[in-house]
Amino acid sequence: MSIRDTEIPVDTPSPAKDQKLPLAALLALATAVFITSLTETLPAGVLPSMSGDLGVSESAMGQSVTIYAIGTALTAIPLTAATAAWHRKRLLLTAMAGFAVANTVTAVSSDYPVTMVARFLAGVAAGLAWALLAGYARRMAPVHLQGKAIAIAMAGIPVALSLGVPAGTFIGGSFGWRVAFLIMTGLTVVLLGWIVAVVPEYPGQRAGSRAPMLRALRVPGVAPVLFVTLVFVLAHTILYTYIATFLDRLGMEDSTDVVLLVFGGASLLSIWIVATQIHRRLRGLTVASTLLVAVAATLLALLSDSTALVYVAVTLWGLGWGGIPTLLQTAVGDAGGEQADSAQAMLVTLWNVAMAAGGVAGGVLLDRVGSESFPWSVLLLMLPVLAVVVAARVHGFPAKRPGATV
């Protein structure tokens, strides 16, 4: 997921009106987003083989996603504050180098605790990256192209979902999950050189220019968006983290990569729809996304004995989920106003708290009830999400965004 850069100096001049987008630099940022997203979600596609090699249960191995999210949630805000004065390029290189180290250790480790430490460190690197990447893209573009610049950079998320996770799952099944993580390291090393060569440098933030973080909670509309973020991501993570285990129960263990490919393809379509319509239809798109995920969960809960309907459900799930990072990021930015940066920082923290909680909750459900409980849990959690989105009509998810045209 993404948030705005919480360290943008207010006096940084915007590029000239006629400036073109620096595509090489933006694609480097998109690759960084791809690596952060894929590092986070790759265990979902290779969970059974990872648990077998490391000698732990699948629910225990699922906590490799949880510990990653905990690393981000615990350190994103304090590390972002501590590095506020750093030059942006130096900070980006540091964060991506952290991924190279963490993925290498994960690939070579034969010890579960060591693997979990590496995953935690990857989460720490992600906290720095997520607080930087979207804002970095925005600073590269003239005002009238900033939305497009962010969309290009954030394209790494759906690409990771649609191609990265299925490819990682296929590689893990064919050559071993360790090879998949080593490939991630190699890609990160290439990216480091790419960043050095083409990504421009920007200064950090002046001392004393940050507003108190919690002040944003008092701004009307911020709290509803943060609540929706917490619960929506929790619901998604419960099922996504253990999707391979869920498919095993359905006798579709050999189709995990295909299922993830379908999910990712639908997510790509969702991203495109949201990008073209969000300026005028943020509220409607958020309601539609919530309903699509709820319908998908219902199909998986009641009709998962039909392989065809499983694919229909996964398609609806991807359509509902793909645009959610963009929708929630935009909603909290609109609601936050002058406190938007603080609101964005809280969003990324709650996002990862939800991911951590989803990994834990999914593990508990798997051990005590079974994987058949996952879609029911998603459906149950979508109900308060829908209620809050519908209720937040004036602030949070307004019927008309500020400045929107008909």
From CE (Met96) to OG1 (Thr36), nearest 0.5 Å: 6.5 Å
Working for side chain to side chain contact (heavy atoms under 4.5 Å, CB included), residues Ile243 and Phe263: CA-CA 11 Å; Ile243 187 63; Phe263 173 84; over 6 Å; no
Any side-chain heavy-atom pair of Trp86 and Thr94 under 4.5 Å: yes
Spatial distance of atom OG1 (Thr245) from atom CG (Leu47) [nearest 0.5 Å]: 5.0 Å
Ser377 to Leu365 - nearest heavy-atom pair and separation: OG-CD1, 3.3 Å
Trace of the side chain to side chain contact (heavy atoms under 4.5 Å, CB included) decision for Met252 with Phe246: CA-CA 9 Å; Met252 297 177 62; Phe246 179 77; over 6 Å; no
Main-chain N/O of Pro200 paired to Lys89 side chain as donor or acceptor, under 3.5 Å: no
Close side-chain approach of Leu386 to Val390, heavy-atom, < 4.5 Å: yes
Candidate pair Leu291 and Val287, rule side chain to side chain contact (heavy atoms under 4.5 Å, CB included), full reasoning: CA-CA 6 Å; Leu291 291 174; Val287 171; 4.0 Å; yes
Shortest non-hydrogen contact from Ala180 toward Gly168: CB-O, 4.0 Å
For Pro398 against Arg283, the heavy-atom pair lying closest together: O-CB, 3.3 Å
pair Ile238-Leu381: side-chain heavy atoms closer than 4.5 Å: yes
Leu350 vs Phe227 side-chain heavy atoms within contact, under 4.5 Å: no
Test log, rule side chain to side chain contact (heavy atoms under 4.5 Å, CB included), inputs Leu21 and Met140: CA-CA 7 Å; Leu21 289 175; Met140 293 181 189; over 6 Å; no
Contacts of Ala392 that satisfy side-chain contact (heavy atoms from CB on, under 4.5 Å) - sequence neighbours left out: Pro224, Phe397
Side chain to side chain donor-acceptor pair (under 3.5 Å) partners for Thr286, two or more places apart: none
Nearest non-hydrogen partners of Gly396 and Ala331, listed with the distance: O-CB, 3.6 Å
pair Thr39-Asn103: side-chain heavy atoms closer than 4.5 Å: yes
Pairs touching residues 353-381 that satisfy ring pair (Phe, Tyr, Trp, His ring centres under 6.0 Å), sequence neighbours left out: Tyr242-Phe374
Flag, side chain of Arg90 to backbone of Glu201, donor-acceptor distance under 3.5 Å: no
Main-chain N/O of Ala118 paired to Tyr68 side chain as donor or acceptor, under 3.5 Å: no
Backbone of Val114 reached by a side-chain donor or acceptor of Arg119 within 3.5 Å: no
Test side chain to side chain donor-acceptor pair (under 3.5 Å) applied to Asp53 - qualifying residues, sequence neighbours left out: Trp177
Exam field: side chain Ser49 to backbone Val46, donor-acceptor pair closer than 3.5 Å: yes
Would you be so kind as to tabulate the donor-acceptor pairs closer than 3.5 Å made by side chains of residues 182-197, with sequence neighbours excluded?
unit_1 : atom_1 : unit_2 : atom_2 : d
Thr185 : OG1    : Thr104 : N      : 3.3
Thr185 : OG1    : Thr104 : OG1    : 3.0
Thr185 : OG1    : Phe181 : O      : 3.4
Thr188 : OG1    : Met184 : O      : 2.8
Trp194 : NE1    : Ala24  : O      : 3.4

Check: Gly370 main-chain N/O paired with Ser373 side-chain donor or acceptor under 3.5 Å: yes
Side-chain heavy-atom pair Tyr112, Met50 within 4.5 angstrom cut-off: no
Ring geometry between Phe232 and Trp321 (parallel below 30°, tilted from 30 to 60°, perpendicular above 60°): tilted
Side-chain donor/acceptor of Ser371 to backbone N/O of Leu366, under 3.5 Å: no
Under 3.5 Å: donor-acceptor pair, side chain of Arg178, backbone of Ser109: yes
Backbone of Val258 reached by a side-chain donor or acceptor of Ser255 within 3.5 Å: no
Interatomic spacing from CZ in Arg281 to CD1 in Ile273 - rounded to 0.5 Å: 12.0 Å
Point-to-point distance, once rounded to the nearest 0.5 Å, from CG of Leu29 to CG of Leu92: 6.5 Å
Distance-minimising heavy-atom pair for Ala297 and Val378: CB-CG1, 3.8 Å
Rounded distance (nearest 0.5 Å) linking atom OG1 of Thr256 with atom CG of Asp248: 6.0 Å
Test item: Leu327 and Ser289 side chains (from C-beta on) under 4.5 Å apart, heavy atoms: yes
Expected output: side-chain Glu58 to main-chain Pro48 donor-acceptor under 3.5 Å: no
Heavy-atom pair of closest approach, residues Gly221 and Val225: O-CG2, 3.3 Å
Heavy-atom side-chain contact between Leu91 and Leu128 under 4.5 Å: yes
Enumerate donor-acceptor pairs with a distance under 3.5 Å from any side-chain N or O in residues 304-315 to protein atoms, sequence neighbours excluded.
unit_1 : atom_1 : unit_2 : atom_2 : d
Ser304 : OG     : Leu300 : O      : 3.2
Ser306 : OG     : Leu309 : N      : 3.3
Thr315 : OG1    : Tyr311 : O      : 2.8

Point-to-point distance, once rounded to the nearest 0.5 Å, from CD of Glu40 to OG1 of Thr72: 6.5 Å
